[in-house]
J.: 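Have a look at this one before I ask anything.
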Amino acid sequence: LRLRPTQGSRQKFPFSGLLTNKVLSALPGAEFAQLLPYLEPVTLRTGEYVYELAQPVPFVYFPETVVISQMYFLEDGSSAGVSIVGNDGLLGLSAIFDAPTARYWAVTTIGGTALRIRLEELRQEFRKGGALQKLILSYADARLMQLAQRSVCNTRHRLEERLCTWLLMIQDRAHSSDLPLTHESISQHLGTRRAGV
């Protein structure tokens, strides 16, 4: 059975109702139908590196249940979380905007599922304009706001406040109050010693 929405249809594609990713589920039926053949379901384990710093980005990921953190590692071996990506958006935003390689390490904080698409295929759809482009640009704006807010939080707030903010951001994206996190992973994301956590 092959379902094809009519030209210019604003209805959701039937499978889009099964999606939890907010970018994909907001697409009109016709645009989602164009992407569907290129979307591949994947499962990512906790602690798995999705992108490595300065490496090419072959895929863009639309998280469904997985939560991915973008990390920055310093020369002294310490680290700090830059941003968190869940079903609110996508991983690979800089690559869509023609960044040649990954800007951060991307590691799975909470394992789960995602849909991925080859970068070039998504770029072609993005360049057409339309709803996909608008949704990605809107998500880019939200990410910039998240980064600005976290920057202020990291300079003005105590560790306990930063921990609470980070846990709430993870919980929002994991849609669960049961978060399988370790003291080690929390300390890496907050840029502090494990004993501080």
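Computed over heavy atoms, backbone and side chain alike; hydrogens, waters and symmetry mates excluded. Residue indices begin at 1 and follow the sequence shown.
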J.: Let me confirm one number: the CE-CD1 distance from Met71 to Ile84, rounded to the nearest 0.5 Å.
T.: 10.0 Å
J.: Does the side chain of Leu91 reach to within under 4.5 Å of the side chain of Gln70, using non-hydrogen atoms?
T.: yes
J.: Measure from the ring center of Trp105 to the ring center of Tyr51 and say whether it is less than 6.0 Å.
T.: no
J.: Under 4.5 Å between any side-chain heavy atoms of Leu27 and Leu35, yes or no?
T.: yes
J.: Is the shortest distance from a Lys or Arg side-chain nitrogen in Lys134 or Asp141 to a carboxylate oxygen in the other one below 4.0 Å?
T.: no
J.: Mind checking whether Pro37 and Glu40 have side chains closer than 4.5 Å, heavy atoms only?
T.: no
J.: With Glu31, which of Leu132, Leu24, Leu135 fulfils side-chain contact (heavy atoms from CB on, under 4.5 Å)?
T.: Leu132
J.: Any side-chain heavy atom of Ile96 sitting closer than 4.5 Å to one from Ile136?
T.: yes
J.: Using the rule given for side-chain hydrogen bond (donor to acceptor under 3.5 Å, both in side chains), can you reason through Glu48 versus Thr108, listing the C-alpha separation, both sets of side-chain angles and the distance that settles it, and then say yes or no?
T.: CA-CA 5 Å; Glu48 185 174 344; Thr108 303; 5.3 Å; no
J.: Heavy-atom distance under 4.5 Å between the side chains of Tyr49 and Leu44, does that happen here?
T.: no
J.: Can you find a pair of side-chain heavy atoms, one from Leu137 and one from Phe97, that are under 4.5 Å apart?
T.: yes
J.: When you look at Phe59 and Val50, which way does the side chain to side chain contact (heavy atoms under 4.5 Å, CB included) test go after all the steps?
T.: CA-CA 9 Å; Phe59 295 98; Val50 184; over 6 Å; no
J.: At what distance, to the nearest 0.5 angstrom, does CG of Leu90 lie from CZ of Arg143?
T.: 7.5 Å
J.: Looking at every non-hydrogen atom in both residues, tell me the closest pair between Ala106 and Ile68 and how far apart they are.
T.: CB-CG2, 4.0 Å
J.: Give, for atom CD1 of Ile117 and atom CZ of Arg123, the distance between the pair rounded to the nearest 0.5 Å.
T.: 12.5 Å
J.: Determine the minimum heavy-atom distance between Arg103 and Pro100, stating which atoms define it.
T.: NH2-CD, 3.9 Å
J.: So Pro58 and Leu119, do their side chains get closer than 4.5 Å, heavy atoms only?
T.: no
J.: Could you tell me the separation between the OG atom of Ser69 and the OH atom of Tyr104, rounded to the nearest 0.5 Å?
T.: 13.0 Å
J.: In sequence, state the C-alpha distance, the side-chain angles, and the governing distance for Thr65 and Thr113, and then conclude on side-chain hydrogen bond (donor to acceptor under 3.5 Å, both in side chains).
T.: CA-CA 5 Å; Thr65 61; Thr113 59; 3.0 Å; yes
J.: If I take atom OH from residue Tyr38 and atom CD from residue Glu121, how far apart are they, to the nearest 0.5 angstrom?
T.: 6.0 Å
J.: Could you give me the CA-CA distance, side-chain angles and deciding distance for Asn87 and Glu64, then say whether side chain to side chain contact (heavy atoms under 4.5 Å, CB included) is met?
T.: CA-CA 5 Å; Asn87 70 349; Glu64 288 280 301; 5.7 Å; no
J.: Decide yes or no on side chain to side chain contact (heavy atoms under 4.5 Å, CB included) for Phe62 and Val85, but give the supporting numbers first.
T.: CA-CA 9 Å; Phe62 292 92; Val85 181; over 6 Å; no
J.: Distance from Gln34 atom CD to Glu125 atom CD, nearest 0.5 Å?
T.: 5.0 Å
J.: Within the supplied structure, the quantity of interest is the number of heavy atoms (other residues, nucleotides, ligands) at a distance under 6.0 Å from Tyr139 OH; does it exceed 12?
T.: yes
J.: If every non-hydrogen atom of Ala114 is compared with every non-hydrogen atom of Pro63, which pair is closest and at what distance?
T.: CB-CA, 3.8 Å
